[in-house]
2 protein chains.
Amino acid sequence: MIRVLLVHDACLVRSVLAEWLRRAPGLQVEDTPWRGALAKVRSLCPDVCAADLECGDGHGVPPLGDLCPPSMAGRPPALVVLASANRPGLLKRAAEAGALGFVDKAGSPDGLVRAIRSVAGRERFVDASLGFGFLKAAQMPLTRRELSVLSLAAGGASVAEIAGSLHLSHGTVRNYMAAITRKTGARNRIDAIRISRGEGWV
Amino acid sequence: MIRVLLVHDACLVRSVLAEWLRRAPGLQVEDTPWRGALAKVRSLCPDVCAADLECGDGHGVPPLGDLCPPSMAGRPPALVVLASANRPGLLKRAAEAGALGFVDKAGSPDGLVRAIRSVAGRERFVDASLGFGFLKAAQMPLTRRELSVLSLAAGGASVAEIAGSLHLSHGTVRNYMAAITRKTGARNRIDAIRISRGEGWV
């Protein structure tokens with residue numbers, strides 16, 4: 001038996017998907033929204049977490065670290081993510097969080113079952129159709145520092161607030177914002193945030 | 001038999017949801033992503049369209065008008081939407097598009113079947129848990145003109161571009177943006193866009 005924890009924020013979709021997964025032989029499936037996932041991982045010790053990368057309100061970054069808590073007793077669960085090629089930022093975060101399985105949401109649901117079985121045996125599974133997304137993730141032009149500035153700006157922080165948070169001068173923050181706008185091919189700061197948010201970077 | 005067209009952008013979720021719906025007696029279910037929905041409505045003439053309000057990349061406004069094309073021969077399909085209370089802008093758009101059924105994605109999937117049966121008989125169906133979302137929609141402080149300005153700004157247009165598109169002076173656009181920022185309780189223009197986009201207004 002492979003014990004699977006399905007993580008998805010929309011109860012309606014999650015229930016139907018969990019019921020569908022339970023029909024696959026050899027899978028024992030529990031489900032949870034992102035909020036509460038950490039407690040479920042700790043109490044159930046699943047073999048596999050299968051998690052949708054979209055969080056509740058349609059953007060924002062899911063707390064992937066909650067699915068593989070470092071302080072956990074025993075072996076942490078293997079991670080499969082449901083992803084889209086057009087959100088390379090989320091793909092990259094999932095890779096950094098140690099995900100072994102990458103299932104394209106634009107593909108067939110059978111891919112999810114195959115991915116769960118692969119990663120339960122600690123084997124990688126990557127949908128071929130996500131390839132372009134990984135390429136875009138690899139070509140991401142912004143530095144880590146620029147991403148920090150952009151994340152704060154996207155959250156509505158002013159130049160002064162960003163400068164305060166990151167211990168930078170106002171001029172340096174403005175220079176970062178100008179570099180970000182240029183590198184993302186945006187028309188202005190708001191456009192840079194729109195592009196980066198759409199791709200799942202902030 | 002009730003002929004249902006299920007509209008959802010993620011193929012993986014859509015397939016599983018369509019298969020689940022087909023198990024309900026008396027439903028005949030076809031499915032499509034948003035792109036291509038208009039052609040499907042025209043060719044299948046479904047009794048009911050059941051549509052997820054989230055479009056492909058997690059935000060943006062779905063083309064609801066495609067589901068009830070005015071030029072259609074015969075009776076247009078009754079519309080059920082899958083919605084969230086925290087995106088009042090999308091609820092309001094669905095209401096304006098003439099939706100009869102409103103199913104909370106945070107609820108049980110059985111609600112979707114009940115809603116489909118209700119609207120097939122041209123009866124309204126509204127999940128009680130969406131009530132707060134409708135209240136927020138009713139309290140939306142921005143005027144139609146302010147929403148037009150905000151939509152263009154959220155798309156990355158500059159003040160000059162917005163002024164050109166809407167035949168306004170630069171000063172008037174700036175006044176609109178200031179009013180929008182004040183009315184949404186935002187700290188600045190970027191914050192106003194973030195708040196409004198999160199709620200599904202732009």
Side-chain angles (χ1 to χ4, degrees), chain A residues 8-21 23 33 52-60 82-84 86-87 90 103-112 127 129 152-159 161 177 181 184 186-195 197-200 202, chain B residues 8-21 23 33 52-60 82-84 86-87 90 103-112 127 129 152-159 161 177 181 184 186-195 197-200 202:
Chain A
H8 192 296
D9 267 350
C11 172
L12 191 150
V13 168
R14 189 174 72 237
S15 310
V16 172
L17 208 50
E19 195 181 314
W20 185 84
L21 281 176
R23 286 160 52 197
D52 188 82
L53 286 181
E54 312 282 336
C55 256
D57 61 355
H59 42 71
L82 295 177
S84 306
N86 59 8
R87 306 206 72 194
L90 295 179
V103 178
D104 190 348
K105 280 204 269 191
S108 140
D110 298 324
L112 178 57
D127 253 335
S129 51
L152 291 169
S158 65
V159 167
E161 287 165 335
M177 286 305 309
T181 302
T184 53
R187 287 173 287 172
N188 52 50
R189 204 177 283 198
I190 291 175
D191 201 31
I193 291 170
R194 182 186 65 82
I195 292 169
R197 176 148 275 179
E199 295 188 348
V202 292
Chain B
H8 192 298
D9 267 350
C11 173
L12 191 151
V13 168
R14 189 176 71 236
S15 310
V16 172
L17 207 50
E19 194 180 314
W20 184 84
L21 281 176
R23 286 158 52 198
D52 188 80
L53 287 181
E54 313 282 335
C55 255
D57 60 356
H59 44 70
L82 296 177
S84 306
N86 60 8
R87 308 206 71 193
L90 295 180
V103 177
D104 190 350
K105 281 204 268 193
S108 138
D110 298 324
L112 178 55
D127 254 336
S129 51
L152 290 169
S158 64
V159 167
E161 287 165 334
M177 286 305 309
T181 303
T184 53
R187 288 173 287 173
N188 52 51
R189 201 177 287 200
I190 292 175
D191 202 30
I193 291 170
R194 181 185 66 82
I195 292 169
R197 176 148 276 180
E199 296 188 348
V202 291

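Only the side chain of B:I193 comes within less than 4.5 Å of a heavy atom in chain A; its backbone stays farther off. Contact annotation for B:E199: neither backbone nor side-chain heavy atoms come within less than 4.5 Å of a heavy atom of chain A. In this structure, the portion of A:A153 lying under 4.5 Å from any heavy atom of chain B is its backbone and not its side chain. The part of B:L82 that comes within reach of chain A is its side chain, from C-beta onward, which places non-hydrogen atoms under 4.5 angstrom from that chain. Heavy-atom distances place no part of B:A186 under 4.5 Å from chain A, backbone and side chain included.
Contact tally against chain B (heavy-atom pairs below 4.5 Å) for A:V103, A:D110, A:D191, A:V16: the top residue is A:V16. Contact count versus chain B (heavy atoms, under 4.5 Å) is highest, among A:A192, A:G155, A:G111, for A:G155. The most heavy-atom pairs under 4.5 Å with chain B, out of A:G107, A:A106, A:P33, A:S15, come from A:G107.
With sequence neighbours excluded, the residues that form a side-chain hydrogen bond (donor to acceptor under 3.5 Å, both in side chains) with A:D104 are A:S129. Taking the side-chain hydrogen bond (donor to acceptor under 3.5 Å, both in side chains) definition, one finds that A:R189 meets it with nothing, sequence neighbours left out.
In terms of heavy atoms, B:L12 sits closest to A:P109 at CG-CA, 3.7 Å.
By the 4.5 Å heavy-atom criterion applied to side chains, A:R187 and B:E161 are counted as neighbours.
Between the NZ atom of B:K105 and the NE2 atom of A:H8 there is a distance of 8.0 Å, given to the nearest 0.5 Å. Atom CG of B:D9 is separated from atom OG of A:S84 by 9.5 Å, given to the nearest 0.5 angstrom. The distance from the CD1 atom of B:I190 to the CG atom of A:L152 is 11.5 Å, given to the nearest 0.5 Å.
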